[in-house]
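See structure below.
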Amino acid sequence: MARIIVVGAGMGGLAAASRLATLGHRVTVLEAAGTHGGQVGSYRREGFGFDTGPGLLALPAVYRDLALKTGREPLERLVGLRPVDPESRHLFPDGTGLLLPNASRGGVGQALDAAFGAGSGARWGELLNRGRTVWEATRRPLLEEPRPAVDPADPYPAPPRRGLSRLLPRGRPTLADAARELGGGPGPAALLGEYALRYGLDPRTAPASATVLPYMEQSFGVWYVDGGLRALADAVFERCGERGAEFRFDTPVRALELDGERVVGVRTDEGVLAADAVLSAVPGLGVTAPADPAPGRFTVLLALDGARPAGTAHRTVVHAADPDAEARAVFTDRALPPRPTVQVLRPDDPALVPGPDAEAAVLTVTVPADLTLAATEQDAYAGELLAHLAAAGLDLRPRLRWRETRLTATVPPPRWPAGTSPRPTGRPGRACT
């Protein structure tokens with residue numbers, strides 16, 4: 001079987017390594033950091049536990065398929081998995097509150113009618129139908145089928161057109177265009193824009209096909225992994241080891257090793273590692289022109305005194321005082337957004353607290369790409385966020401035992417030296433990203 005190097009031990013790299021190793025290939029995973037999981041990290045202090053990256057799981061079917069393909073067992077044997085209900089609570093600047101049920105389009109429509117007026121739910125349902133069209137057209141080519149071979153002589157390969165033409169009507173509408181059709185005041189538009197912002201998209205310019213994001217969550221549900229999402233990363237990592245994949249941490253890949261246009265390995269600080277194929281789970285590897293980096297994330301970890309109040313929603317979204325100003329700050333001015341959209345995760349999980357009289361919460365805000373903040377600036381912004389939540393009716397400050405901040409700034413992809421830019425090919429010895 002082939003010698004395959006996987007660059008990156010994030011969730012994508014772990015999934016690829018486990019699948020390839022299950023097929024019998026000799027797989028080596030190279031990771032620049034000292035551990036696996038990528039952005040799916042965790043932090044523990046004084047008995048409190050926090051997810052430092054994503055905290056909820058959408059589309060668990062992807063991992064169910066991975067568990068079956070690599071071990072012929074259900075995902076629930078690897079991790080505890082349960083739906084989050086309600087899916088989310090939303091607090092808007094005009095005082096409106098909205099509670100969305102999990103995986104219930106009918107229930108979501110009723111909630112929208114109650115919050116924003118009759119007809120709001122029907123219009124939202126029409127929007128989700130558009131998202132369903134996107135899902136049905138893209139699910140197979142994007143999630144289930146191999147990527148088509150790319151001709152290295154063609155610098156601008158045309159994307160596959162099957163099923164996509166009807167998604168790109170005249171003028172290429174944006175998500176903002178779809179939001180204007182929702183009516184019901186600023187609330188429904190802010191609700192839609194939050195999905196884009198959470199996934200790193202500018203709500204003003206994201207394509208209208210981003211309606212697939214609320215469609216997926218409200219159709220297939222949102223799920224929580226017991227112990228935090230890091231437990232899922234640990235489970236997939238263990239599966240890789242069971243299938244014989246080798247891991248080398250603290251080993252950044254500096255360049256691809258080429259023989260003409262053929263990829264024959266990778267170059268690290270320890271020398272060249274030969275391979276029949278290289279699979280990159282790191283954005284930018286094998287790309288000559290760096291893409292615009294995605295926004296960063298500012299996270300505040302809160303250790304709270306007192307038990308989690310009964311009826312507390314797992315996920316609460318406090319919406320920005322001015323969504324347009326927030327988008328300008330993040331995507332145009334590259335500045336910290338004042339009174340921004342804040343996601344508050346408050347899991348009901350005894351494994352994350354030192355006892356029944358404590359609660360762990362995580363605040364997350366989308367911030368500009370490659371933002372740098374001194375420790376004092378991070379602490380000051382955390383204080384502003386807590387005041388913003390208090391003004392919305394969610395005051396956690398009286399219960400605060402301690403807090404810590406995290407700033408995750410995106411890293412631009414590597415710039416490859418002239419003449420060594422690797423290009424994907426359809427031949428053995430290829431580099432795939």
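Residue numbers run from 1 in the order of the sequence given. Because only heavy atoms are used, hydrogens play no part in the values below, and waters and symmetry mates are left out as well, while side chains stay in.
Counting only distance, with no hydrogens or angles, the side chain of Thr52 and the backbone of Gly41 share a donor-acceptor pair below 3.5 Å. A donor-acceptor pair under 3.5 Å is formed between the side chain of His388 and the backbone N or O of Pro340.
Residues Val40 and Leu232 have side chains not in contact (no heavy-atom distance under 4.5 Å, counting atoms from C-beta outward). With contacts defined as side-chain heavy-atom distances shorter than 4.5 Å, the pair Pro347/Leu352 qualifies. With contacts defined as side-chain heavy-atom distances shorter than 4.5 Å, the pair Pro323/Thr341 does not qualify. Within the 4.5 Å cutoff, side-chain heavy atoms of Pro203 are placed close to those of Phe331.
By the 6.0 Å and 45° rule, Arg406 stacks over the aromatic ring of Tyr43.
For the atom pair CG of Leu396 and CD of Glu359, the computed distance is 7.5 Å after rounding to the nearest 0.5 Å. Rounding to the nearest 0.5 angstrom, the gap separating the CZ atom in Arg315 from the OH atom in Tyr224 is 15.0 Å. Note that the CZ atom of Arg346 and the CG atom of Asp348 stand 11.0 Å from one another [nearest 0.5 Å]. Taken to the nearest 0.5 Å, the CG atom of Leu385 stands 6.5 Å off from the CG atom of Leu363.
At most 12 heavy atoms of other shown residues, nucleotides or ligands fall within 6.0 angstrom of atom CD in Gln39. Within 6.0 Å of atom CZ in Arg132, 12 or fewer heavy atoms from other residues, nucleotides or ligands are found, so the atom counts as exposed in its surroundings.
The aromatic rings of Trp124 and Tyr195 sit tilted, their planes meeting at an angle between 30° and 60°. A tilted orientation is assigned to the rings of Phe237 and Phe249, their planes being inclined by 30° to 60°.
Under 4.0 Å is where a charged nitrogen must lie from a carboxylate oxygen, and between Arg403 and Asp379 at least one such pair does. Look at Glu384 and Arg339 and you find no salt bridge, because none of the NZ, NE, NH1 or NH2 atoms lies under 4.0 Å from a carboxylate O. Look at Asp305 and Arg401 and you find a salt bridge, because one of the NZ, NE, NH1 or NH2 atoms lies within 4.0 Å of a carboxylate O, short of that distance.
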field: side chain to side chain contact (heavy atoms under 4.5 Å, CB included) between Arg19 and Leu66, worked out
entry: CA-CA 8 Å; Arg19 290 289 296 270; Leu66 181 67; 3.7 Å; yes
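For the residue pair Arg239 / Thr70, a side-chain donor-acceptor distance below 3.5 Å is found, with atom types taken as modelled. Looking at His36 and Asp234, their side chains do bring a donor and an acceptor atom within 3.5 Å of each other.
A centroid separation of 6.0 Å or more is found between the aromatic rings of Tyr63 and Trp223.
Residue pairs meeting the salt bridge (charged side-chain N to carboxylate O under 4.0 Å, His left out) criterion with at least one member in residues 217-229, sequence neighbours excluded, are Arg82-Asp226, Arg198-Glu217.
Of the residues Met1, Arg3, Arg243, the one that meets the side-chain contact (heavy atoms from CB on, under 4.5 Å) test with His25 is Met1.
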